[in-house]
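What follows is a single structure, written as structure tokens, with notes after it.
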Amino acid sequence: MEPTAPRMPASPLLTDADPLQVGGVTLHNRLFLGTARYPAPSVLRDAVEAAQVEVLTVSLRRLAPESQAGQGWWQRIQALGRHLLPNTAGCHSADEAVTLARMAREIFGTHWIKLEVIGDDYTLQPDPWGTLDAAQTLVREGFAVFAYTTDDLVTALKLRDAGVAAIMPWAAPIGTGAGPRNLPALRTLRERLPDSVLVVDAGIGAPHHAAQVMELGFDAVLVNTAVAEAGEPVAMARAFTLSVQAGRLAHRALPMRTREVAQASTPMVGVPFWHQGS
């Protein structure tokens, strides 16, 4: 089943001029938003509306869908009318992630899956071998796989060859808010994977971090903690949408090249000057 088209209000924040094609759908907002850690469901709802995001990530491990509390949570999430991107957060093996992905497809009626296979509990760094193994299985089964990984180029190349819908390199470890720690590596990913959808996931802590990676040419940014734990989550959600839009616009505008020496911005022609002798 295809993801349900979101019910999005008209807004100058969204434009048809630069859509993103991913997972069989067309998106106009390049900010993806996580749904955990908000102080209240109403705050999440208002943040989603303020940012006008079209994609929300959800975790099956957050609440058991079959429980009464879990059913209420899923109903509130689905009532938001956005594309849902279930994730396999908390999985430590390819088999576990594949099983959870199949459950998500049944529960949400979508072939989208954000694939996470954790290799280290301290840094929450993804396991490249488990991620690739699970990705190959899920792609064969018809999933649109959004694969969470580090900024390692070789892993990204292998995920591309596996046929994932999007590669999601981190900017920094999950929840740190440190911002992009290795811009040269992220720049290399964009240069070497020009035809792949690249979504920066994890470690983004402030809107300027999002603008920074979007200026490199990344296709989208996924944010959760930076919005949910902000003093004003609703205002921060809107700030992130604006920063993503600004970064994308700056990338398309072709930023000037940096120089090693100063160069005056004021033209010299016609400027009066003193000279020796008369």
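These figures come from a predicted structure and were not determined experimentally.
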T176 side chain vs P173 backbone, donor-acceptor pair below 3.5 Å: yes
Q52 side chain near L31 side chain, heavy-atom distance below 4.5 Å: no
Between OG1 on residue T26 and CG on residue L20, distance to nearest 0.5 Å: 8.5 Å
Residues R190, E215: salt bridge by 4.0 Å N-O rule: no
salt_bridge(D201, K114) N-O dist < 4.0 Å: yes
Heavy-atom side-chain contact between V197 and I167 under 4.5 Å: no
Any side-chain heavy-atom pair of T131 and T155 under 4.5 Å: no
Centroid-centroid distance, W112 to F143, less than 6.0 Å: no
Value rounded to 0.5 Å, distance of CG in L186 from CZ in R181: 12.5 Å
E54/R82 ion pair, N-O < 4.0 Å: no
Same cluster (ILVMFWY, side-chain, under 4.5 Å), W129 and L159: no
same_hphob_cluster(L249, L242) at 4.5 Å side-chain heavy-atom cutoff: no
Gap separating the CD1 atom of I113 from the CZ atom of R105, nearest 0.5 angstrom: 9.5 Å
Considering all heavy atoms, the nearest F240-S243 contact: O-OG, 2.9 Å
Min side-chain heavy-atom separation V25-L27 under 4.5 Å: yes
Minimum side-chain heavy-atom gap V58-F108 below 4.5 Å: yes
Smallest separation among heavy atoms of L222 and G34, with atom names: CD1-N, 3.9 Å
Within 6.0 Å of CD in Q21, more than 12 heavy atoms from elsewhere: yes
Euclidean distance, S59 OG relative to N224 CG, rounded to 0.5 Å: 10.5 Å
Pair D18 + R30, salt bridge at N-O below 4.0 Å: yes
G247 backbone acceptor or donor facing H251 side chain under 3.5 Å: no
Option passing side-chain contact (heavy atoms from CB on, under 4.5 Å) with L115 (candidates L132, N87, V98, L138): L138
L33 to V227 - nearest heavy-atom pair and separation: CD1-CG2, 3.9 Å
Note, V117 side chain near H92 side chain (heavy atom, < 4.5 Å): no
Spacing of CZ belonging to R252 relative to CG belonging to L254, to within rounding of 0.5 Å: 10.0 Å
Side-chain cluster (under 4.5 Å, hydrophobic types only) that L124 belongs to, other residues: I118, Y148, W170, I174
Atom pair CZ (R102) and CG (L100), whose distance is rounded to the nearest 0.5 Å: 11.5 Å
M214 versus V221, closest heavy-atom pair with distance: SD-CG2, 3.8 Å
Contact summary for L193 and A156, nearest pair of heavy atoms: CD1-CB, 3.7 Å
Close side-chain approach of T149 and M168, heavy atoms under 4.5 Å: no
Least distance between heavy atoms, G130 atom then A94 atom: O-CB, 3.5 Å
E116 vs C91 side-chain heavy atoms within contact, under 4.5 Å: no
